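Read through the structure below, which is laid out as structure tokens, and then see the notes.
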Amino acid sequence: MMTTDLASPLDVAAIRRDFPILSGATRLIYLDSAATSQKPRPVIERLARYYETQNANVHRGVYRLAEEATAAYEEARATLARFIGARPEETIFVRNATEGINLVANTWGAANIGEGDVIVLTEMEHHSNLIPWQLLAERTGAQLRYIGLTPDGRLQPDALEEILAGGRVKLVATTYVSNVLGTVNPIADMSRAAHAAGARILVDAAQAAPHFPLDVRRLDVDFLALTGHKMLGPMGIGVLYGRQEILDAMPPFLGGGEMIRRVGREHSTWNDLPWKFEAGTPNVEGAVGLAEAVRYLESVGLEAIAAHDRRLAAYALSRLREIPGLIAYGPEERGALVAFTLPDIHPHDLASLLDERDIAVRAGHHCAQLLHERLDVPATTRASFYLYNDERDVDTLVQGIGHAREVME
Amino acid sequence: MMTTDLASPLDVAAIRRDFPILSGATRLIYLDSAATSQKPRPVIERLARYYETQNANVHRGVYRLAEEATAAYEEARATLARFIGARPEETIFVRNATEGINLVANTWGAANIGEGDVIVLTEMEHHSNLIPWQLLAERTGAQLRYIGLTPDGRLQPDALEEILAGGRVKLVATTYVSNVLGTVNPIADMSRAAHAAGARILVDAAQAAPHFPLDVRRLDVDFLALTGHKMLGPMGIGVLYGRQEILDAMPPFLGGGEMIRRVGREHSTWNDLPWKFEAGTPNVEGAVGLAEAVRYLESVGLEAIAAHDRRLAAYALSRLREIPGLIAYGPEERGALVAFTLPDIHPHDLASLLDERDIAVRAGHHCAQLLHERLDVPATTRASFYLYNDERDVDTLVQGIGHAREVME
Amino acid sequence: MSTLYTEIIQDAYKHPAHRGDLPDHSHSFEDENPLCGDVLRMELQVDGDRVRSARFSGRGCAISQASAELLLDRVEGRAVADALALEKDDVLEELGIPEISPARLKCALLALKVLKGALYGLKA
Amino acid sequence: MSTLYTEIIQDAYKHPAHRGDLPDHSHSFEDENPLCGDVLRMELQVDGDRVRSARFSGRGCAISQASAELLLDRVEGRAVADALALEKDDVLEELGIPEISPARLKCALLALKVLKGALYGLKA
Ligand SMILES: Cc1ncc(COP(=O)(O)O)c(C=O)c1O
Ligand SMILES: Cc1ncc(COP(=O)(O)O)c(C=O)c1O
């Protein structure tokens, strides 16, 4: 079966033309956006424009260039704050989602989680929302409890409530969208349950923020981390949201310039939010680039992107399932990715063979080793989609898999 | 007195043409490179080229684009390692110097510094090499001891030996070049003294690495931090050097993807150096941009830049001293900057008035509050120089100060 | 000559009529701008619902000093309620620089912050 | 058809002659490539200075499996010294892919690592 005409709400051909790396002589079938997205021209040009016309160190300069850089940086913050429904004071620029989560573990976590306290995780967490809590638990004597999975890769329906009923839960740390299963977790429900039990909730939105609209107030979460490079932004920039009253009470993370109010020989006092959590010269370039990426996403429309992604994931799932022996992991309703295995080809071989046909997919455990143990496979092959992919890419993938099978048979 | 012909070893006019922001219609007299440097075209173009032709997530991808991004990232590391005389395994990419220093405080520091132990600092430290140690001292009960300053702004000659003789010193943390006084500290001597007393030494090279050749083996230091944006590189990237055997024994810093070997439910094991200290998706763009900056610096020549900077600092010092009542802080021999005060104009007013003539200088405490208390002034005005500045810039500054005086008289 | 350092500001800065102390003040307040090290103190003699006299002292840039002078000149002899009603835009209007940059805005507004601090608790 | 999956590799992967166990082996070693989850075990029957027989087991990609097969085919019946002298380039030559990418290089070299582990301590 070949492409049917699932009318996408996006003009993918026009979008592709905005992405230089996808517009080369040979058509690159880039199916690894869950690892990192490609960048549209306006974002790339914004970085150059920043350095060509606005670059200065921010916040402490009196001259106009420094004012302009500061304004650009703080406007970028305001853009990101609006994008997630937060206030600028609650919107902290970090390097990536990983740093955002570690920030919370090392400040709020270290101050509020003690021996015997419980941190709830899920079995589908990316290492970035797992190792920080393991490190904290080892340091403090806290316990980790995991929400298990249903056979189709959703969270066990009553597991969170049961763990919360056991008491002493201080934090629920969960991903919004699994980077392997594609599962979209019911964050608003989980927040309600966590808060009813007096716990806080942290959401890893690395795979959510690129794909659909997000509102920290509506979700009623306490912390949320996202990473710029997966949502058309540059590398080296991400955002941590924290509820203001929690951030206010938190000790600082890293010490240095910018996060300081007044320095003494033995002791110092901290700057206001959000700067209290931004030590040293910030990545202004990254922030303005990410704000440009947000504007690009908004100009295409987050709802339209979400609809496009849903269609493409469903189409990919149905096409892949036509392949004999292929196992696709995760639920029907899902984010824009499919991870799968074939009985007769190792994921690394498949990825290499697809690469020979200019199809880029990822093979491995995708930084989710616990989940792969749970699935009882050492590795999977993952195809992930974004606004520049279309059904033709899925068809090419399916053909490529057929070809790989021929080679390896 | 106007410009004499101090022959610079650099062709400043040609260099300026490489910097788009300095080549605008109105000549910008940018005298704030100690805060952040401007970027030459090859660096700006490298960022765009990375996203247009090479962008992928690194290390785990099998397809060629991921290989290429990984190769670019690791080549950038090798370039930086060579630049400072280190091995790639000892060369950790961080966001900025501040993060590098905090990394050491939170890992090596937390594991090796206890109650009653002594951390030696100097009175000229930037907050980034001060607050991390204050935070550590508060957490552990360690003591901070400060090396005082001579009237002309050098370290008290015997102070380090005296403090070391007092015993229990675990770490000497010092800046290489003061960002206010311009003082260049005798790092090799300090290393020798620290090591003889069984202490480790960390060097903040934020103001050194941009300006002269640096070799961690010859200096024999244990840790060294530099920051990319002050040396023609992009924002959001810096380097921490650590001696291999120390890094090997250190616990990790942030947890997440990339720094992991094998993950269990309760406990995990770490990746090899240097990746053990790089959690989450790295700033590949920043790393390749910084490597490009290093190539640019090397093509101009670090020795030539050092000679140019020395001449320019000496010229600025002599011209500024002609101004009645002006006090310039710091020693004769200095890095490429002069901080000063005028009896009748507040630094902020001076910076604003100079800005009206397109001269960008910095006014304030330059993230060195302790030092300003020591100098007994709340703020200074700082003019700092780099390879794109020349005597004409100094002359324009001196004229600008004269003009400001007229306005405010 | 200078767009920021208007005649008004230069005049207020160079020839302040309200610099000094009020030994028998009824209200006072001091604050600082830690980033630039500016310190400002105000002493007020409040008499019923009037600000009888007002003085400032401290050190700082021309903008913060001129702003203190102009504000005190405006409130001295006037109703406390008028002083309490002053806002950011009034200060910038007094200074004649509606377009001030954010970094210098802090300098301009320190005086207002200190004045409000001194009058804290008084009814409008 | 495929530049990486040469005839040699495909053949060694699809029809391994050395897959299996040696219940009376004298030497054995097992290792893994944690990033891709490949596990490889080798069992060797060393007799004096010769590798009498050699078998491998485990799971992994075609590159790592073919590499194990080709290496054991080369060392079986030969002097231990020859096996100990094998290096990275010999493996790539056996596989016929001198230009392998760094990511797949790890797969190719796992077999060599395990072989060296099994022979560890033996004299050349
Ligand atoms: C001496 C010194 N150390 C450290 C820093 C901090 O650099 P960054 O803000 O890039 O971490 C600076 C610059 O601000 C500096 O001048
Ligand atoms: C679900 C999830 N969480 C966190 C991360 C970490 O993102 P980063 O490496 O940008 O910190 C990723 C991506 O790698 C992810 O997929």
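Bear in mind the structure is a predicted one, so any value in this text is a computation, not a measurement. All values below come from the heavy atoms of this structure, side chains included, with hydrogens, waters and symmetry mates left out. So you know, we letter chains A, B, ... as the sequences are listed, proteins then strands, and number each from 1.
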Problem set entry | Minimum heavy-atom distance between A:R261 and B:Q369, given as atom pair plus value | O-NE2, 3.3 Å
Problem set entry | Pairing residues for B:H126 by the ring pair (Phe, Tyr, Trp, His ring centres under 6.0 Å) criterion, not counting sequence neighbours | none
Exercise. Once you round to the nearest 0.5 Å, how far does OG1 of A:T281 lie from NE2 of B:H229?
Worked result: 3.0 Å
For this session: Among A:V284, A:I359, A:L130, single out the residue with the greatest number of heavy-atom pairs under 4.5 Å to chain B.
Result: A:V284
Exercise. Got a salt bridge between B:R265 and A:E123, using NZ or NE/NH1/NH2 to carboxylate O under 4.0 Å?
Worked result: yes
Seminar exercise, completed: With chain A, the option among B:L370, B:N102, B:T36 that has the most non-hydrogen atom pairs under 4.5 Å is B:N102
Seminar exercise, completed: Interface check, chain B: of A:P347, A:P251, A:S268, A:G24, most non-hydrogen pairs under 4.5 Å belong to A:S268
For this session: Check whether any side-chain heavy atom of B:L354 sits under 4.5 Å from a side-chain heavy atom of A:Y63, and report yes or no.
Result: no
For this session: Could you look at A:E45 and say if it's the side chain, the backbone, both or neither that has a heavy atom under 4.5 Å from chain B?
Result: neither
Problem set entry | chain B contact via A:R41 - which portion, at a heavy-atom distance below 4.5 Å | neither
Exercise. Which residues satisfy the ring pair (Phe, Tyr, Trp, His ring centres under 6.0 Å) test with B:F19, sequence neighbours excluded?
Worked result: B:Y296, B:Y388
For this session: Check whether A:A66 gets within reach of chain B through its side chain, its backbone, both or neither, counting any heavy atom under 4.5 Å.
Result: side chain
Exercise. In terms of heavy-atom pairs under 4.5 Å with chain B, which of A:K39, A:H366, A:R362 leads?
Worked result: A:R362
Problem set entry | Considering all heavy atoms, the nearest B:M235-A:N283 contact | O-OD1, 3.5 Å
Seminar exercise, completed: Given A:L121, A:L254, A:I44, A:V361, the one with more heavy-atom pairs under 4.5 angstrom with chain B than any other is A:L254
Problem set entry | Residue pair B:T98 / A:E258, side-chain heavy-atom distance below 4.5 Å | no
Exercise. Between B:N55 and chain A, which part of the residue has a heavy atom less than 4.5 Å away: side chain, backbone, both or neither?
Worked result: both
Exercise. So do A:E99 and B:R95 actually touch side chain to side chain, heavy atoms under 4.5 Å?
Worked result: yes
Seminar exercise, completed: Looking only at B:A351, B:S23, B:G264, B:A97, most heavy-atom pairs under 4.5 Å shared with chain A are made by B:G264
Exercise. Relative to chain B, which segment of A:S33 carries a heavy atom at a distance below 4.5 Å: side chain, backbone, both, or neither?
Worked result: neither
Problem set entry | Largest heavy-atom contact set with chain B, pairs under 4.5 Å, which of A:A56, A:G286, A:P252, A:A105 | A:A56
For this session: Measure the shortest side-chain to side-chain distance between A:M259 and B:I131 over non-hydrogen atoms and say whether it is less than 4.5 angstrom.
Result: yes
Exercise. Passes side-chain contact (heavy atoms from CB on, under 4.5 Å), B:I260 versus A:H127? Steps please.
Worked result: CA-CA 8 Å; B:I260 277 295; A:H127 295 165; 4.0 Å; yes
Seminar exercise, completed: If you tally heavy-atom pairs under 4.5 Å between each of A:D358, A:T227, A:L103 and chain B, the highest tally belongs to A:D358
Problem set entry | Per-residue contact mode, A:A48 against chain B (heavy atom under 4.5 angstrom) | both
Exercise. Can you name the nearest heavy-atom pair linking B:V62 to A:D355, along with the distance?
Worked result: O-OD2, 4.4 Å
Seminar exercise, completed: Between A:C367 and B:G257 the two heavy atoms that sit nearest each other are SG-CA, 3.8 Å
Exercise. Does a side-chain heavy-atom distance below 4.5 Å link A:L135 with B:F253?
Worked result: no
Problem set entry | Test log, rule side-chain contact (heavy atoms from CB on, under 4.5 Å), inputs B:Y51 and A:L47 | CA-CA 11 Å; B:Y51 287 125; A:L47 306 185; 3.7 Å; yes
Exercise. Between the side chains of B:H267 and A:E138, does any donor sit under 3.5 Å from an acceptor?
Worked result: yes
For this session: Sort A:Q143 into side chain, backbone, both or neither according to what part of it lies under 4.5 angstrom from a heavy atom of chain B.
Result: neither
Exercise. Got B:L28 and A:R64 here, is their nearest side-chain heavy-atom distance under 4.5 Å?
Worked result: no
